[in-house]
Amino acid sequence: MKETVIAVKNIGKKYIITHEQGGYVALRDVLTNIFRTPLKFFTQKAKEVVGISKKEEFWALRNIHFEVRRGEVIGIIGKNGAGKSTILKILSQITPPTEGEIRIEGRVGSLLEVGTGFHPELSGRENIFLNGAILGMTKKEIVKKFDDIVTFAGIEKFLDTPVKFYSSGMYVRLAFSVAAHMEPDILIIDEVLAVGDAEFQKKCLGKMDEITKKQGRTILFVSHNTSIIRELCSRCIVLDKGKIQFDGNTEEAIETYIKLVRGEQGRSDVSAGKEEAKEANGLSIQEVSIINSENRPTSDLLFGEPFSVEVAISSRDTLKNISIGVRIESEDGHPITSPTSGASKKLFDLNPTSALRVKARIADCTLVPGQYWITVSATRHDQKLLEIMKIKAFFVGADSYKDTPSYTGGWGVINSNPEWSSY
Amino acid sequence: MTSVTTIKPKKTFSWNDIRELWRYKELLYFFAWRDLKVRYKQTAIGIAWAIFQPLITMLVFTIFFGGLAKIPSDGVPYPIFVFIGLLIWQFFSTALSDASNSLVTNQSILTKIYFPRLILPISTVATKIIDFFIATLILVGLMIYYHFVPHLYGLLILPLLLVMTFAVSTGIGLFLAAVNVKYRDVRYVLPFFIQILLFITPVIYPPSIAGKYAWIMALNPLTGIIKAARAALLGNIPINWLLLLISGIACLFTLLIGLIYFKKTEKYFADII
């Protein structure tokens, strides 16, 4: 049995949920609050100090125990929000845990993003040094490995060009190349392999394999992509809702993970969801659900799986010839497709007595793994009666549905499998 | 030998932090190097900017304050009088404003990689030392032009003054950088704050102008530094050692407060930035 290099004991991380609009606290607002309602401010402070304030707390991780031995490659899988990134951030010391203790033997290199600290104005050469230093390499090490880094990335000709002129592929190759040449005893990797083209991904996987097998390094690896996990990891930890659900053999872990993803009841009760109004012009959205190919409501779909969006709308008045729109948006809010029932010559009638239930089955849109939003709208004679933005989120996983060819990576939101030929 | 790291809920401050800072000195150098490189790549006239900016300020101040407003200058030509003040002032004010924004501008690095957070503001202040030395060339020119020969002990005291300016700007910079992470509107208030500070610091006028209230000005550590710099270089007035000592203590105190506040809030940076 090899010696333990990472011992995680009872780790927990608590976040306090703030309901600030806009995200940032402005000093201006804090000061105005103090002056406007000084009493309330001080009683609130006093309550916080005494600990009876009703701040909303959220444990991103709780009671996490595990040990890692030298040379192990461990995959960490789990749904979005399961706490994967948090555990990586704690292990890389970016954020401290709220409780518990971790003991790590050896130098840790963490790669939560490729090209951290790259500066667009600086040349490839300069960025190698800067990025290397940020990743924890000494100048001497960088000088020693400089040629290897350049060759691995294949950017010899552009060494003295500012990286802002690099193509995205070159940029990622250079960034990963620097990272691949740091020689930590323990390497912590977030989903960085999701970027770059398939060929380069293979090269990176090869490099990682070499790192562990030949040099006996330890790797902790987070991914959604179960095929990469299968290829690389001998052991897997499945996280769910901040707790360890399973720790052991990769195949069983992936099974557990898939069960978790499939078993989730994804039906959203709209009224319990976002605070903002779900109604306009007497129309109100009662429910929006994503239905998978097995006719079950879910929020996680397989890659390539056909799905349906079900919308229930009630109305105060009787309205005829209503067109319902279901827009799919990427995680950052860009519209991907905006089908409307009107465009398909399908109009619906609404009446006050019962809610209208509309189902849109979408089978011809292969979204790449990631998170997406549904926006629902209702239109009558080109007049928009109601539009509720981002009413529901859903995820597409990296595992393929039935015969869908597996996801090969790359940029974009829509997958396509062209037939290639020369002519 | 393998190093052992223990990750625990963070304590506020320990000597390990200083040791760690030393281990990461190379990164500090690289950040400073990056900032300088990028800055001089982005401006059309490059490094000449470091000469140009204080030179023009000096000329404008000389024309309006020295020439038209006839502000006294302790019996030395106004250009050289105001320039010594400006050298220290520009070091302080640019270091302060850039250090305050250093965490926010490096947000993407801060949330992805661990390194002692102190490095960011400190390296920002360090780049200003380079600007300071470049601008010193103008001072040398002025001293030759006006036939001033600095005293030997005067030259010896200059590094001390530089260290004091470094300490006070780092101290306030650390404090504001940490505050800036939480309250993003600080950066809008800062230029105003710095502008006001210019007028309560004896840059364009001698502290003697305040008469019997001069002691109030001594509370501002920059007063002692600028006064001592003028005395050391020009020899027109003796160095006020007591004032310098008070300023020195004030600088150290500021640095300590900034450091403690920064370390105290540091653990939340990656979570709330």
Side-chain angles (χ1 to χ4, degrees), chain A residues 5 8 11-13 15-16 18 22-31 89-113 115-123 126-127 129-140 162 185-186 190, chain B residues 1-11 20 23-35 37-43 104-117 119-120 123 176 179-190 266-273:
Chain A
V5 284
V8 177
I11 283 294
K13 173 83 182 173
Y15 285 106
I16 292 175
T18 49
Y24 299 119
V25 197
L27 189 58
R28 188 190 54 204
D29 297 341
V30 176
L31 292 179
K89 281 193 173 172
I90 291 174
L91 282 167
S92 8
Q93 286 183 272
I94 291 164
T95 181
T98 314
E99 57 178 31
E101 192 183 306
I102 300 177
R103 208 183 120 90
I104 300 178
E105 254 172 63
R107 209 172 100 172
V108 180
S110 60
L111 195 55
L112 301 197
E113 175 192 67
T116 306
F118 261 44
H119 199 291
E121 296 284 342
L122 297 177
S123 70
E126 289 161 341
N127 268 311
F129 278 96
L130 179 63
N131 188 231
I134 290 174
L135 291 175
M137 292 197 238
T138 62
K139 200 175 166 192
K140 230 160 83 190
D185 304 308
I186 298 156
D190 202 353
Chain B
M1 201 195 87
T2 50
S3 57
V4 175
T5 320
T6 312
I7 302 171
K8 273 193 278 195
K10 275 259 163 88
K11 293 260 163 34
E20 194 181 33
R23 261 201 293 133
Y24 276 86
K25 59 185 181 301
E26 219 163 27
L27 184 61
L28 198 145
Y29 160 77
F30 270 113
F31 275 138
W33 169 82
R34 174 198 66 177
D35 287 348
K37 199 124 195 171
V38 168
R39 185 144 46 95
Y40 292 126
K41 261 187 187 172
Q42 277 169 341
T43 58
V104 177
T105 46
N106 287 294
Q107 176 177 2
S108 58
I109 306 178
L110 212 67
T111 50
K112 297 292 182 206
I113 284 285
Y114 173 76
F115 54 88
R117 274 43 176 130
I119 282 186
L120 280 172
S123 75
L176 290 176
V179 173
N180 209 355
V181 169
K182 193 162 180 196
Y183 305 111
R184 290 307 170 79
D185 49 350
V186 169
R187 64 167 112 185
Y188 304 116
V189 190
L190 193 61
E266 182 185 50
K267 53 188 161 187
Y268 305 116
F269 288 169
D271 294 338
I272 61 175
I273 201 165

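A note on names: the letters A, B, ... follow the listed sequences, proteins ahead of strands, and every chain is numbered from 1. Just so it is clear, the model here is predicted, and its values are computed rather than measured.
- Neither the backbone nor the side chain of B:I119 has a heavy atom closer than 4.5 Å to any heavy atom of chain A.
- Looking only at heavy-atom pairs under 4.5 Å with chain A, the residue among B:V189, B:V186, B:L27 that has the most is B:L27.
- For chain A, the option among B:R34, B:R23, B:R117, B:K112 with the highest count of heavy-atom pairs below 4.5 Å is B:K112.
- A:N131 places no side-chain N or O within donor-acceptor distance of the main-chain N or O of A:G117, the cut-off being under 3.5 Å.
- Enclosure of atom OH in B:Y268 is not indicated, since only 12 or fewer non-hydrogen atoms of other residues, nucleotides or ligands lie within 6.0 angstrom.
- If you measure heavy-atom distances from A:T98 to chain B, the contacts under 4.5 Å come from the backbone alone.
- Ring-centre distance between B:F115 and B:F30: not below the 6.0 Å cut-off.
- Taking the ring centre of B:Y29 as origin, the terminal cationic atom of B:K25 falls outside the region bounded by 6.0 Å and 45° from the ring axis.
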